[in-house]
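These values consider heavy atoms only, across backbone and side chains, with no hydrogens, waters or symmetry-generated copies. Because the structure is a prediction, the values reported are computed rather than measured.
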Amino acid sequence: MVTTLTYIIIFLFGITVGSFLNVCIFRLPAGESVVAVPSHCMCCGRRLRPFELIPIFSYLFLRGSCASCGCRISPQYPLVEGLNGLLWVLLHHYFRFSPLFFLSCLLCSALIVAAVVDWRTREIPPQATLFILLLGVLRLLLDLNHWPLYVIGFFAVSLPLYIILIASGGRGMGGGDVKLMAACGLFLGWKLTLLALFSGCVLGSVIHLALMAAKKAGRVLAFGPYLAAGVFISLVWGDALIGWYAARILGL
């Protein structure tokens, strides 16, 4: 009962933060304030009432439409809120109430913002990357005995990606991806960051090829969502995957 109640509380906190993530996703690319402007309908501009601001449940109660003008509400709202809540619950399952749990929750929330904005606009918001960088600094300070792991992680992936960026004139890699992986590398350390890049490349290749075949998607893809997924995989299962690879494949 205690464990179930804990998961429910974490999920509720997660979807509440997820509601704020939606604000960031829509306003950061437009250069709007995420705190000064009250929540409002994207169509008619009417300020939303309290019962319209309840994460997930308001969307279901309103049947996905504005109560005033009837404009359809993007399903992105409940999807982002629910995803953030589920990820926070999963992180608690692995890290319990440790400093890494709280930092990882904030990291994953920032990754959601970076991924969705990149998917929508092909640009990763610098505010999300800067926030992840600050989280990386905190992670480093909490584990100073292993500081080379994190400092090398800052350059392990971002430096090769930067070389690709320069060599391709920006066609093979985006600057936002380079900065994102530098910040995530400081948080994860070099081993997990390399795994994050590998995972992101595999996911990007498989999923985008499927989209090209099914929906005639173009060759250019937003790499941020796949990198974000790779970072999450490394964060939660990276140590186990690396241990398995070292034991089963390398025989170490």
Side-chain angles (χ1 to χ4, degrees), residues 21 24-25 28-29 74-76 79-80 82-84 86-87 90-91 104 107-133 135-136 153-242 244-245 249:
L21 299 184
C24 295
I25 288 167
L28 288 180
S74 172
Q76 174 190 302
L79 290 176
V80 166
L83 175 62
N84 196 63
L86 291 174
L87 292 184
L90 184 61
L91 290 170
S104 297
L107 170 65
C108 288
S109 295
L111 288 173
I112 290 175
V113 173
V116 177
V117 172
D118 191 35
W119 184 268
R120 291 168 58 92
T121 68
R122 295 297 192 270
E123 291 185 7
I124 296 176
Q127 298 91 334
T129 302
L130 178 58
F131 184 73
I132 295 173
L133 181 64
L135 294 177
F154 182 87
F155 298 100
V157 167
S158 61
L159 184 57
L161 292 184
Y162 180 71
I163 294 174
I164 295 174
L165 169 67
I166 298 300
S168 66
R171 294 185 298 273
M173 183 60 56
D177 300 323
V178 176
K179 297 171 184 176
L180 177 65
M181 292 309 294
C184 290
L186 186 62
F187 188 100
L188 295 174
W190 68 269
K191 294 180 182 179
L192 294 181
T193 307
L194 291 174
L195 177 60
L197 176 64
F198 174 77
S199 302
C201 289
V202 171
L203 289 173
S205 300
V206 173
I207 295 176
H208 194 70
L209 285 175
L211 290 176
M212 289 177 64
K215 297 186 176 182
K216 308 301 180 181
R219 293 181 178 275
V220 179
L221 77 161
F223 201 20
Y226 305 111
L227 289 176
V231 170
F232 179 78
I233 291 172
S234 290
L235 175 67
V236 177
W237 299 290
D239 289 329
L241 289 172
I242 292 173
W244 174 86
Y245 180 80
I249 306 300

Novice: According to side-chain contact (heavy atoms from CB on, under 4.5 Å), who are the partners of Pro160, at least two apart in sequence or on a separate chain?
Specialist: none

Novice: Which pair of non-hydrogen atoms, one from Met173 and one from Ser168, has the smallest distance, and what is that distance?
Specialist: N-OG, 4.0 Å

Novice: Testing the basics here: between Gly238 and Leu195, what is the closest heavy-atom pair and its distance to 0.1 Å?
Specialist: CA-CD2, 3.5 Å

Novice: What heavy-atom pair brings Ala115 and Ala228 nearest, and what distance separates the two atoms?
Specialist: CB-CB, 4.0 Å

Novice: Got a sec, which residues hit side-chain contact (heavy atoms from CB on, under 4.5 Å) with Ile233, two or more places apart in sequence or on another chain?
Specialist: Ser199, Leu203, Trp237, Leu241

Novice: Only pairs at least two apart or in different chains count here, so list each side chain to side chain donor-acceptor pair (under 3.5 Å) that has a residue in residues 181-198.
Specialist: none

Novice: How close do Leu135 and Leu107 get, counting heavy atoms only, and between which atoms?
Specialist: CD1-N, 3.4 Å

Novice: With sequence neighbours left out, write down each residue that passes ring pair (Phe, Tyr, Trp, His ring centres under 6.0 Å) with Phe154, or none if nothing qualifies.
Specialist: none

Novice: Taking all atoms of both residues into account, what is the closest heavy-atom pair of Leu161 and Met181, and its distance?
Specialist: CD1-CG, 3.9 Å

Novice: Identify, with sequence neighbours excluded, every residue that meets side-chain hydrogen bond (donor to acceptor under 3.5 Å, both in side chains) alongside Ser109.
Specialist: Asn84, Trp88

Novice: For Gln127, check side-chain contact (heavy atoms from CB on, under 4.5 Å) against everything at least two apart and list the hits.
Specialist: Leu28, Pro125

Novice: At their closest point, which heavy atom of Ala110 faces which heavy atom of Ile132, and how far apart are they?
Specialist: CB-CG1, 3.6 Å

